[in-house]
Structure formats: structure tokens, C-alpha cells
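Data first, discussion second: the structure below is written as C-alpha cells.
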Amino acid sequence: AQIPPPLTRINVIFWLYDRRFAGFNAKEHLGVDLTATAGESAYAVCDGLVVYNNTPYSDIVASILIIEHDCPQPLGLVYGYYGHVLSDRVEGQSVEAGDIIGTIKDWGGNSHLHFGMNRDLIEDNWGLMPPGTSLREIQSLGWLDPLPYLTPSPPPAVKPAAPVYRPAVRKPPPSQKRRN
């Protein structure tokens, strides 16, 4: 079963273990970065319980909300890592899939949601691993690629085209056709 996405649309900047991830001395990336605008709502992907929130008093890089999610199978129990958000959710508070759990913090032209999923609760080192850490090592630490589990974003609404004005073309009457 697929789960709802943490944003209203899914547009990936960096994938799990994306080798193009240039930031932080090429450390390996432990989630997906999704485009977002500052102040945009982030949503719980499954029902769950808030287990960690340092977002009100942390700088944007270290800002993380962690929710223990009870997702449909095959996912089951997983921890959702919502990075670079501001949330007033308190530890021990329950959430339902689709609840607004926070808003994206303003990072200038770099505002985005870092969304990670792990089988275990990890309160430190939730976003990056040392350079050279293999994908197998990342997976052995419980990190999952969330994208296959997320319901794809609906296609953008297609704005109906404005009617195009076309003047009526009138054929001349047969009697006025040129003769060779």
C-alpha cells in the first residue's frame, strides 16, 4: 500500500544516497530532499506518535521532527524524519496521516523538506553519513528510500486553453473562381 506524500507535490531535488549531493563535503544523503517554499505545510505520511522535536529552538540545518509511524504493510513501523521544518507538535502527541505537522523553514533560495525513513529511532546524524559510506551500509542502518512508498503527486491541473479567435473563412462562390 502506498502512503500520502509529506507535501502536496513531490518534486525531488536529491534522492537517498544521491551521489550528486554536493553539500557538506560530499557526505552521503540519508533521505530525499523535496522542493518546497518557506511556510508551506508538511504532512504526516501515516498515523503515528511524535517522538522528537527540536524544531522551535534549532537552526535550520539541525531542525528535525521525528514521528514514529504505524504505516500500512509492507512498511509497518517506521520513523519519519521531517527536516528543516518548524513544528509545535509535542513529544507524545499522536498524529493522523495527512495532518499538518509543521511548516517549511525559510532557507532563502534553498527552502526544502528533507524527508527520511528509518526502521529505527536515530536522534543524531539523521541527514548525512560520512563520505564513502556505502548504500549497503546506509540500508543496514535501517534507512529506506521513501519514494517507492509514497503515492505519486497528482499531475498538475491543466488550465483549459482560452478559445482562440479565428475569423470565418468564406470561400468565394463557384461562379467567381478563376478560369484558366
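With contacts defined as side-chain heavy-atom distances shorter than 4.5 Å, the pair V51/I67 does not qualify.
Note: T133 OG1 to L141 CG = 8.5 Å, rounded to the nearest 0.5 Å. Of the inter-residue distances, the one linking L144 atom CG with L147 atom CG reads 11.5 Å to the nearest 0.5 angstrom. Taking CG from L86 and OG1 from T103, the interatomic distance works out to 5.0 Å, rounded to the nearest 0.5 Å. Distance check, rounded to the nearest 0.5 Å: CD1 of I10 to CG of L113 gives 8.5 Å. Atom CG of L30 and atom CE of M117 lie 13.5 Å apart (nearest 0.5 Å). Separation of atoms CD1 (I101) and CG (D99) is listed at 9.5 Å; rounding is to 0.5 Å.
Residue pairs meeting the disulfide (SG to SG under 2.5 Å) criterion with at least one partner in residues 30-87, sequence neighbours excluded, are C46-C71. The list of salt bridge (charged side-chain N to carboxylate O under 4.0 Å, His left out) pairs with a residue in residues 40-67, not counting sequence neighbours, reads R9-E40. Note on residues 92-138: no pairs pass disulfide (SG to SG under 2.5 Å), not counting sequence neighbours. Within the structure, every pair that satisfies the side chain to side chain donor-acceptor pair (under 3.5 Å) test and touches residues 62-82, not counting sequence neighbours, is listed here: S63-K105, E68-Y79, H69-Y82. The list of side chain to side chain donor-acceptor pair (under 3.5 Å) pairs with a residue in residues 140-149, not counting sequence neighbours, is empty.
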message: Using the rule given for side-chain contact (heavy atoms from CB on, under 4.5 Å), can you reason through T37 versus S111, listing the C-alpha separation, both sets of side-chain angles and the distance that settles it, and then say yes or no?
response: CA-CA 6 Å; T37 55; S111 295; 5.9 Å; no

For I3 and L75, what are the C-alpha separation, side-chain angles and deciding distance, and is it a side-chain contact (heavy atoms from CB on, under 4.5 Å)? CA-CA 9 Å; I3 57 177; L75 212 45; 3.9 Å; yes

Check the pair I104, V85 against side-chain contact (heavy atoms from CB on, under 4.5 Å), reporting the backbone distance first and the verdict last.
CA-CA 4 Å; I104 305 302; V85 298; 4.1 Å; yes

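Residue H112 forms a side chain to side chain contact (heavy atoms under 4.5 Å, CB included) with just one option from T35, V32, V12, I13, and that option is I13.
In terms of heavy-atom proximity, Q93 sits nearest to D88 at OE1-O, 4.5 Å. In this structure, I66 and I122 approach most closely via the heavy-atom pair CD1-O, 3.6 Å. Contact detail for Q2 and T151: the closest heavy-atom pair is CB-OG1, 3.6 Å. Across G92 and L49, no two heavy atoms sit closer than the pair O-CD1, 3.1 Å. The shortest heavy-atom contact between P146 and F115 is CB-CE2, 3.6 Å. Among all heavy-atom pairs drawn from I60 and H84, the shortest one is O-ND1, 2.8 Å.
A donor-acceptor distance shorter than 3.5 angstrom exists from the side chain of N53 to the backbone of R89, with no hydrogens or angles considered.
Taking a 4.5 Å side-chain heavy-atom cut-off between Ile, Leu, Val, Met, Phe, Trp and Tyr, the cluster of I100 extends to Y43.
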